[in-house]
Amino acid sequence: MYYDFWKGKKVFITGHTGFKGTWLSLWLTKLGAHVTGYALPPDEENSLFYLCKTDQMVDSYFGDVRDYEKLQTCLLQAKPDIVIHLAAQPLVRESYRNPVDTYSINVMGTVHLLDSVRKCDCVRAVVNVTTDKCYENHEWLWSYRENDALGGKDPYSNSKACSEFVTNAYRNSFFSPKQYAKHGVALASARAGNVIGGGDWAKERLIPDCFRAILNKETLVIRNPKAIRPWQHVLEPLSGYLILAEYLYEYGPDYGEAWNFGPKEDNRTVEWIVQYISKIWKNEIDYKVIEDEKQFREATYLRLDWAKAKNRLNWQPKWQIERALDMTMKWLEAYIRDEDIATICFKQIEEYMNN
């Protein structure tokens, strides 16, 4: 990635108040981009967005991606060069409880965003961030590639597969590579694994649950101790999104495809993660395994093949899972000591860039 590329670029991010959105906003600000964000206000008082005073660094609009007119108005006012779509209902178990909201946000939110781009003649590159869970998961032991079938057995995963289908439909119908000289928009989707890092407080996610167990001196409850996920520090996929957006901007529709951004290794279980955190925290986390009373189905095996991104985008992950967890717990230590969180985040971004 050529970091100088981002200096002066106008970037529109949906979901900028979330965990990934805040880290991305900070990174782009550091690189000299002019960031405009559109998202709902953060749910938590201790949200990373507010802890970092991100609202003082970016132009921020509070709105719902289901509000087509407001989203379109904000996008047109921002006049961005690049759009990165992060806004989503991102939780599997929440999707079982609220499937209608999940589909309306993840599917129609994508439709509203891409249709707004159609009305904005300054956008040159769009990255729609979906998920590794968009694949039709057969519980294979090998990794999923971009040309494997999409599907999803729960509302969240399925809605993200639908978002991929929407992206493909808009790419072929309105942003056709053959008509690129006319419309000038290159559109791609990005699929990442289970991201971890400081500032994620989402419910029913492993690392935030570990944070809460540590802070509140509570017993951690885990549901699937042997489940394997493609764990990766949040800066890993974000670097992939930035590189992909750069390639789309510079080279157009040649890169308008789906892309996986996975971790260096993907053989760590939920229980291994908890035990490693206990080790580096030097204060054993008390945890127990319980049966899921509501029987919300979650995948056991899930791995990503990122060879395509390595070969064509020259992207590859930098940090092993141990380093990712070390950085995450250093962030928590700083939070407990009431240090300046923006400074900690910028320091970790700098460390990643210089790795």
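Position 1 is the first residue of the sequence; numbering continues from there.
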Any donor-acceptor N or O pair under 3.5 Å, side chains [X], [Y]:
{"X": "Y287", "Y": "E271", "value": "yes"}
{"X": "H183", "Y": "D121", "value": "no"}
{"X": "H16", "Y": "S60", "value": "yes"}
{"X": "S163", "Y": "N106", "value": "no"}
{"X": "N172", "Y": "N168", "value": "yes"}
{"X": "K310", "Y": "N260", "value": "no"}

Quick check: does any side chain N or O of [X] sit under 3.5 Å from a backbone N or O of [Y], one acting as donor and the other as acceptor?
{"X": "T130", "Y": "E164", "result": "no"}
{"X": "E146", "Y": "D148", "result": "no"}
{"X": "Q232", "Y": "V195", "result": "no"}

Side chains of [X] and [Y], heavy atoms from C-beta outward: is any pair under 4.5 Å?
{"X": "L24", "Y": "L28", "result": "yes"}
{"X": "D132", "Y": "F261", "result": "no"}
{"X": "P230", "Y": "N194", "result": "yes"}
{"X": "Y255", "Y": "R312", "result": "yes"}
{"X": "L302", "Y": "N137", "result": "yes"}
{"X": "Q89", "Y": "S95", "result": "yes"}

Would you kindly check if the NZ (Lys) or CZ (Arg) of K9 is within the cone defined by 45 degrees around the ring axis of Y249 and under 6.0 Å from the six-membered ring centre?
->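 Verdict for Y249: a cation-pi partner in K9.
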Cation-pi check, R303 to Y144: give yes when NZ or CZ is under 6.0 Å from the six-membered ring centre and within 45° of the ring axis, no otherwise.
->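 That pair does not qualify as a cation-pi contact.
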Only counting residues at least two apart or in another chain, list the ones meeting side-chain contact (heavy atoms from CB on, under 4.5 Å) with [X].
{"X": "D209", "result": "R212, L220"}
{"X": "T73", "result": "Q77"}
{"X": "A188", "result": "L244, L248, W259"}
{"X": "D305", "result": "S143, R145, A307"}

List for me each residue that meets side chain to side chain donor-acceptor pair (under 3.5 Å) alongside [X], sequence neighbours excluded, and say none if there are none.
{"X": "S173", "answer": "none"}
{"X": "T17", "answer": "none"}
{"X": "E94", "answer": "R97, N98"}

Which other residues belong to the hydrophobic cluster containing F62, where Ile, Leu, Val, Met, Phe, Trp and Tyr are joined when side-chain heavy atoms lie under 4.5 Å apart, directly or via other members?
-> F49, Y50
Linking Ile, Leu, Val, Met, Phe, Trp and Tyr by side-chain heavy atoms under 4.5 Å, what else ends up with L113?
->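 Hydrophobic cluster check, L113: joined to F12, Y38, Y61, V65, L71, L75, V83, Y103, I105, V107, M108, V111, L114, V117, V123, V126, V166, Y170, F174, F175, V185, L187.
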How many angstroms lie between atom [atom1] of [X] and atom [atom2] of [Y], to the nearest 0.5 angstrom?
{"X": "L206", "Y": "I222", "atom1": "CG", "atom2": "CD1", "value": "7.5 Å"}
{"X": "R191", "Y": "T131", "atom1": "CZ", "atom2": "OG1", "value": "10.0 Å"}
{"X": "W315", "Y": "L242", "atom1": "CH2", "atom2": "CG", "value": "12.0 Å"}
{"X": "K7", "Y": "L31", "atom1": "NZ", "atom2": "CG", "value": "11.0 Å"}
{"X": "M57", "Y": "T29", "atom1": "CE", "atom2": "OG1", "value": "6.5 Å"}
{"X": "R223", "Y": "I290", "atom1": "CZ", "atom2": "CD1", "value": "7.5 Å"}

Under the side chain to side chain donor-acceptor pair (under 3.5 Å) criterion, do N147 and K308 qualify, and how do the steps go?
-> CA-CA 11 Å; N147 59 353; K308 176 181 170 183; over 6 Å; no
Would N128 and T167 satisfy side chain to side chain donor-acceptor pair (under 3.5 Å), going step by step from the backbone distance to the final call?
-> CA-CA 8 Å; N128 177 28; T167 302; 2.8 Å; yes
Those residues that, when tested against H112, pass ring pair (Phe, Tyr, Trp, His ring centres under 6.0 Å) (two or more places apart) =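 With sequence neighbours excluded, H112 shows a ring pair (Phe, Tyr, Trp, His ring centres under 6.0 Å) to Y68, given in chain and number order.
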Taking ring pair (Phe, Tyr, Trp, His ring centres under 6.0 Å) as the test, write out the residues that go with W272, two or more places apart.
->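 For W272, the residues satisfying ring pair (Phe, Tyr, Trp, His ring centres under 6.0 Å) (neighbours in sequence not counted) are Y276.
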Contacts table for residues 339-355: side-chain donor-acceptor under 3.5 angstrom, sequence neighbours left out:
| from | atom 1 | to | atom 2 | distance (Å) |
| --- | --- | --- | --- | --- |
| E339 | OE2 | R337 | NE | 2.6 |
| E339 | OE2 | R337 | NH2 | 2.8 |
| D340 | OD2 | T343 | N | 2.8 |
| D340 | OD2 | T343 | OG1 | 2.6 |
| Q348 | NE2 | M327 | O | 3.0 |
| E350 | OE1 | K30 | NZ | 2.7 |
| E350 | OE2 | N354 | ND2 | 2.9 |
| E351 | OE2 | R323 | NH2 | 2.8 |
| Y352 | OH | E236 | OE1 | 2.5 |
| Y352 | OH | S239 | OG | 3.2 |
| N354 | ND2 | E350 | O | 3.2 |
| N355 | OD1 | W319 | NE1 | 3.3 |
| N355 | OD1 | R323 | NH1 | 3.2 |

So which heavy atom on S157 is nearest to which on K133, and how close?
->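 Scanning both residues, the minimum pair turns out to be CB-O, 3.2 Å.
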Salt bridge or not between [X] and [Y]? Use side-chain N to carboxylate O under 4.0 Å.
{"X": "D115", "Y": "K119", "answer": "yes"}
{"X": "E136", "Y": "K153", "answer": "yes"}
{"X": "R124", "Y": "E250", "answer": "no"}
{"X": "D101", "Y": "R66", "answer": "yes"}

Mark yes when over 12 heavy atoms from residues, nucleotides or ligands other than N216 sit less than 6.0 Å from its CG; otherwise mark no.
->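 Result for CG/N216: enclosed.
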Could you check Y156 against Y96 for ring-ring contact (aromatic ring centres under 6.0 Å, His included), going step by step and ending with a plain yes or no?
-> CA-CA 8 Å; Y156 166 71; Y96 281 107; over 10 Å; no
For the residue pair W27 and Y241, is the inter-centroid distance of their aromatic rings smaller than 6.0 Å?
-> no
